[in-house]
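Written out below as structure tokens is the structure these notes cover.
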Amino acid sequence: MDASAETVRSALLAWYDDHARRLPWRSPPGSPPPDPYRVWLSEVMLQQTTTAAVAPYYAKFLDRWPRIEDLAAAEDGDVMAAWAGLGYYARARNLLACARAVAARGGAFPATEAGLRALPGLGTYTAASVAAIAFGEAATVVDANVERVVARLFAIEEPLPAARKAIRAAAETLTPDERPGDFAQAMMDLGATICTARSPRCLLCPLADYCRGRTQEPERFPVKPARKARPLRSGRAWWVEAGGKVFLVTRPGKGMLGGMRALPDDGWSARGDGDHLPPLDGPWRHLGTVRHGFSHFDLDLQLMLYSGDNCSRLSLNGEWWPLDRIDDAGLPTLFARAARFALADQGEDQGA
DNA sequence: GACCCGTGGGG
DNA sequence: TCCCCAAGGGT
């Protein structure tokens with residue numbers, strides 16, 4: 001049952017040679033890695049995000065900003081708009097800060113895990129993955145996939161998050177000096193395609209013979225604490241339209257959807273009594289409610305249409321955005337959905 | 001360690 | 001429908 005680390009490494013790399021996923025930001029097994037800019041860009045996008053969601057964004061960013069100097073020179077708003085829909089917008093702010101920091105040192109990333117870790121937006125995982133994949137450093141890469149694979153391989157009973165220490169220690173015993181980048185990606189591929197969270201395919205697993213968890217119920221690992229229920233908040237957003245344009249604001253740099261273009265809203269506080277007043281004295285018409293799920297709460301956003309005839313006294317700073325280019329506004333998903341709702345409502349009025 | 005921070009897909 | 005989850009980082 002137990003096997004040497006070398007046995008496990010060899011079995012996994014052999015499996016990877018035949019079964020590696022082909023992804024736009026990845027080189028085939030055993031071949032030279034993509035340049036660090038591409039590795040870094042993909043790794044940041046992949047934080048808490050599926051490969052399918054990342055692919056079109058990765059292509060778009062690389063096409064628009066082929067080198068890190070191009071990204072470093074971009075306008076903040078353009079980068080935020082290009083990130084719209086991908087979520088966790090602090091990543092985009094950190095991406096730009098990191099690009100500028102690297103450009104300032106001549107465009108070359110630090111080539112070590114410790115050096116990478118000091119850059120904005122690179123935490124334990126991303127620093128290790130870029131070091132291993134782009135620079136061939138024998139860094140131990142632990143993401144949710146590796147966590148699951150290792151917890152099962154060693155049948156770690158301790159629940160998360162306390163188990164992270166033991167999981168990392170176990171993972172470190174496996175990390176190879178040769179092909180550390182391939183090894184890291186192999187572990188992640190195994191977790192994504194074989195050792196999945198539900199219904200793991202143990203019959204296809206190259207590590208099945210060495211897995212302690214398999215003799216129990218592999219789905220048990222890693223043991224996780226119960227999840228808290230998501231509360232429901234409510235709020236209002238204001239749709240003000242004139243001359244074929246809609247009034248948009250840019251949200252503050254920090255907090256929810258920070259730095260993103262948006263509809264004006266009332267702040268959707270926890271109790272649903274948002275404190276921001278409407279940007280115009282009425283009349284307002286209730287268009288409908290958009291329910292949206294965020295990471296830690298659900299939101300019922302009531303969409304209010306300004307139905308008066310004098311927009312000249314708007315009390316907010318913002319910009320008038322052409323409705324026929326609303327898809328280019330870079331609205332995060334919540335407000336993109338609200339905008340579609342408002343435009344569909346108008347379509348119905350015209351049809352009726 | 002706890003909490004904040006998005007979104008879309010799959011079972 | 002609902003719940004879970006994903007190549008996590010910052011504070």
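In what follows, every chain begins at residue 1, and chains take the letters A, B, ... in the order their sequences are listed. What you see is a predicted model, and the numbers here were worked out from it, not measured in a lab.
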What is the nucleic acid contact for [X], judged by heavy atoms within less than 4.0 Å: base, sugar-phosphate only, or nothing?
X      : answer
A/W25  : base
A/S199 : nothing
A/L23  : base
A/G85  : sugar-phosphate
A/A53  : nothing
A/T126 : sugar-phosphate

- Message: Looking at B/dC5, I'd like to know if its phosphate oxygens (OP1 or OP2) sit under 4.0 Å from a side-chain N or O belonging to A/R93.
- Response: no
Nucleotide nearest [X] (side chain, heavy atoms from C-beta), chosen from [options]:
X      : options               : answer
A/R198 : C/dC4, B/dC5, C/dG9   : C/dC4
A/R148 : C/dA6, C/dA7, B/dG10  : C/dA6
A/M188 : B/dC4, B/dT7, C/dA7   : C/dA7
A/T50  : C/dA7, B/dT7, C/dA6   : C/dA6
A/R21  : B/dT7, C/dC4, C/dA7   : C/dA7
A/T333 : B/dG11, C/dG10, B/dG8 : B/dG8
A/A144 : C/dG8, B/dT7, C/dC5   : C/dG8
A/R26  : B/dC4, C/dC4, C/dA7   : C/dA7
A/Y88  : B/dC5, C/dG9, C/dA7   : B/dC5
A/Q47  : C/dG9, B/dT7, C/dA7   : C/dG9

Any side-chain heavy-atom pair from [X] and [Y] closer than 4.5 angstrom?
X      : Y      : result
A/T126 : A/Q47  : yes
A/M304 : A/W284 : yes
A/R105 : A/P110 : yes

- Message: What is the separation between atom CG on A/L86 and atom P on B/dG6, rounded to the nearest whole Å?
- Response: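 Going from CG in A/L86 over to P in B/dG6 covers 11 Å.
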- Using atom OH of A/Y89 as one end and atom C1' of C/dG9 as the other, report the distance to the nearest whole Å. 17 Å
- Query: Under 6.0 Å between the ring centres of A/F61 and A/W83?
  - Reply: yes
- Query: Has the side chain of A/R93 got a donor or acceptor atom that lies under 3.5 Å from a matching backbone atom of A/G253?
  - Reply: yes
- Query: If you find the nucleotide of DNA chain B closest to A/A162 and the one closest to A/R91, which residue's nucleotide is nearer the 5' end?
  - Reply: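 Its nearest nucleotide being more 5', the pick is A/A162.
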